[in-house]
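Throughout, a chain's letter reflects where its sequence line sits, starting with A, and its residues are numbered from 1.
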2 protein chains.
Amino acid sequence: MASQAATVVIAARCSDPVVDDVVVDDTVSSNRLVETGPVPHRRGTDVRTRELTDVTQQPDPRAVRVSASTRDIPQATVARLAGYLRVLGTLVEEGVQIVSSEGLAGAAGVGSAKLRKDLSFLGPNGVRGVGYDVSRLSARIEEVLGLDRGHRVILIGVGNLGRALVGYPGFARRGFAIVGLFDDDPAVSGTALDGLVVRDVVTLTVACAELAPTIAVLAVPDDAAQQVCDRLVAAGLRCILSFSGVALDAPAHVEIRRVDLAVELQLLSFFEMRRAEIETGSVVREESVVR
Amino acid sequence: MASQAATVVIAARCSDPVVDDVVVDDTVSSNRLVETGPVPHRRGTDVRTRELTDVTQQPDPRAVRVSASTRDIPQATVARLAGYLRVLGTLVEEGVQIVSSEGLAGAAGVGSAKLRKDLSFLGPNGVRGVGYDVSRLSARIEEVLGLDRGHRVILIGVGNLGRALVGYPGFARRGFAIVGLFDDDPAVSGTALDGLVVRDVVTLTVACAELAPTIAVLAVPDDAAQQVCDRLVAAGLRCILSFSGVALDAPAHVEIRRVDLAVELQLLSFFEMRRAEIETGSVVREESVVR
DNA sequence: TAGATTGTTAATCGATTAACAATC
DNA sequence: TAGATTGTTAATCGATTAACAATC
């Protein structure tokens, strides 16, 4: 028993000046901890995690996975984890078992330093001199993102975009199950789509109690978006993905992600313009006067 | 003539230690400049813009609009400009002529300080003590984003998503004209959609020469995305908006924006999980050992 | 003038990056 | 052991924010 892995990760907020009251489960591991000891890489103030590992053994697959609180994972990192996961998925398909940070980063389109930093927030996941175990890392990212919980998704607005979303293969592939469809058009509600009967949006509150969704996807026209959002919030939804152009108003405990096609197009327009500027060699410093 | 506005904006990169060689068109404005003079707000090293304005008159609408180079506008700011523009559009519809930073920021869902900072990168656009002229500011943002140029858009992949995009009202409303549709499915190419005949994707290169698109929208399956992207690049496209899940490889001069539904869903999943953690009061610091 | 609001500053915060010690 | 690669550090870079002088 004493030969098993003993891993303790202490997480502190980046902004904390110091980790002031570290508590270690000494009934089990004090002997080991003394043996291997915490050896700081260099003296520094940004001590975020310390790993104390029994050197006689590799991580035990049966061990309860220990992690820093997800609250300490930067938003920018979380946004990239999904990308790493997709690459890891293709590697699994190809039968690749080990991948280096260089390899994974290249396939995901980021620098290897950034990748390693990102993964370090999930705790130690690789083996120095070797690389990352593809399926283990994949499982770890899924766990951190909460993808192993099987989200239930409802979709409000079964127009062109809504139908396209229902047909989107990435939903099921990632463990997101569409469990309810809603629309306010009497011509649409009552019809079946993808094995589900579209419900009238007025039944939203009641249906939510029945369907217990964790995520709502909003694909309604802009002028209906806020109203539907309010109903979702009232029904207890806390995660909303909106495709409407308007900024939705909701309590702080409701997380809203917005995908705005217009914004994307306008960003491209800006880049195109800037490129034209660069090409014509204009305005590094622009001075112009009219009289 | 000398009574007209004389505005000179000198832009320097944020990272420049100092603006070392400011040149002023003294044939026109030296007398005015001496009069009003550059009066630094406070002595500081981050002198980004200096405005020298004839105090006798308000900005002349006929004046060539002078701006800092768009290269100096932070990416984060550009991404928000589109949001401001949308709000300004609704204000125009409502007949509102003047809006304060507080009002505009509130409607756009950002803080007023951030809004003012964002707008400051576009040069002076408001009147102190009054606010911003809605239509003037609107026009200015459109100009900076290059929306006044009338982009020509081609769409590759006329599946569910592609059809939804064709029907998206925001395209035309923002001056983006869809000028070509492409698909590789013989059953689809040749059919008409929204007044356009879908072309076979093999004709892409030839058709690009004819259609002169500035933006391509990619709505093809993941495994076809890179190949189509290569063709687009070969055809001279420099702005691509992709809805595929894969990170596309392209030369540095090609700007690629990717909208990844899976990423958005997974981000929501993460937030949901984190919220569950907070509610159960778990793991501010997690310590767990297995033996 | 007095009140209001912009545009700018500077402090802070968060993300990126290269380098390298730790370690397999 | 020697070579390889992770995980961590610290410097840098970029974005956010509150406060306030400038100015209408």
Sorted by chain and residue number, the side-chain hydrogen bond (donor to acceptor under 3.5 Å, both in side chains) partners of B/Glu264 (sequence neighbours excluded) come out as A/Arg257
If you pin A/Lys114 and B/Glu102 to their nearest nucleotides in DNA chain C, which one's is more 5'?
B/Glu102
Here the salt bridge (charged side-chain N to carboxylate O under 4.0 Å, His left out) pairs for residues 77-88 of chain A, sequence neighbours left out, are A/Arg80-A/Asp118
Could you give the CG-to-P distance, from A/Asn125 to D/dT8, as a whole number of Å?
11 Å
D/dT8, C/dA15, C/dT16: which one has an atom nearest the side-chain heavy atoms of A/Gln75?
C/dA15
For A/Arg174, enumerate each residue passing the salt bridge (Lys or Arg N to Asp or Glu O under 4.0 Å) test, keeping only those at least two apart in sequence or located in another chain.
none
Whole-Å distance, A/Asp72 CG to D/dG7 P, equals 18 Å
Protein-nucleotide distance (B/Ile98, atom CD1; C/dT6, atom C1'), rounded to Å
13 Å
From CZ of A/Phe121 over to P of D/dT8, roughly how many Å is that when rounded to an integer?
10 Å
Hits for side-chain hydrogen bond (donor to acceptor under 3.5 Å, both in side chains) against B/Ser135, two or more places apart or cross-chain, chain-then-number order -> B/Asp133
Using the criterion of both pairing distances under 3.5 Å for Watson-Crick and G-U wobble pairs, give all stems of 3 or more consecutive pairs involving DNA chain C.
C:3-24 with D:3-24
Any side-chain heavy atom of A/Gln266 sitting closer than 4.5 Å to one from B/Leu147?
yes
Value in whole Å for how far the P atom of D/dA18 lies from CG of B/Leu115:
14 Å
Taking DNA chain D as the partner, which of residues 245-269 of chain B come within under 4.0 angstrom of it by heavy atom?
none
State which residues pass side-chain hydrogen bond (donor to acceptor under 3.5 Å, both in side chains) with A/Glu272; sequence neighbours excluded, sorted by chain then number.
B/Arg238
Taking only residues two or more places apart in sequence or in another chain, which ones pass side-chain hydrogen bond (donor to acceptor under 3.5 Å, both in side chains) with B/Tyr132?
none
Quick note, A/Ala113 side chain, CB onward, closest among C/dA15, C/dA18, D/dT16 is C/dA18
Using a cut-off of 4.0 Å on non-hydrogen atoms, how would the nucleic acid contact of A/Gly111 be classed: base, sugar-phosphate, or nothing?
nothing
Are B/Thr77 and B/Leu119 close enough that some pair of their side-chain heavy atoms sits under 4.5 Å apart?
no
Got a sec, which residues hit side-chain contact (heavy atoms from CB on, under 4.5 Å) with B/Val96, two or more places apart in sequence or on another chain?
B/Leu91, B/Glu94, B/Val134
Can you list the residues that meet the salt bridge (Lys or Arg N to Asp or Glu O under 4.0 Å) rule with A/Arg116, with sequence neighbours excluded?
none
Results of side-chain contact (heavy atoms from CB on, under 4.5 Å) for B/Ala250 - residues two or more places apart only
B/Cys229, B/Val233, B/Val254, B/Ile256
Whole-Å distance between C/dT12 P and B/Lys117 NZ?
17 Å
Distances for protein N or O near nucleotides 2-5 of chain D N or O, under 3.5 Å:
| unit_1 | atom_1 | unit_2 | atom_2 | d |
| --- | --- | --- | --- | --- |
| D/dT5 | O4' | A/Gly129 | N | 3.1 |
| D/dT5 | O2 | A/Gly129 | N | 3.2 |

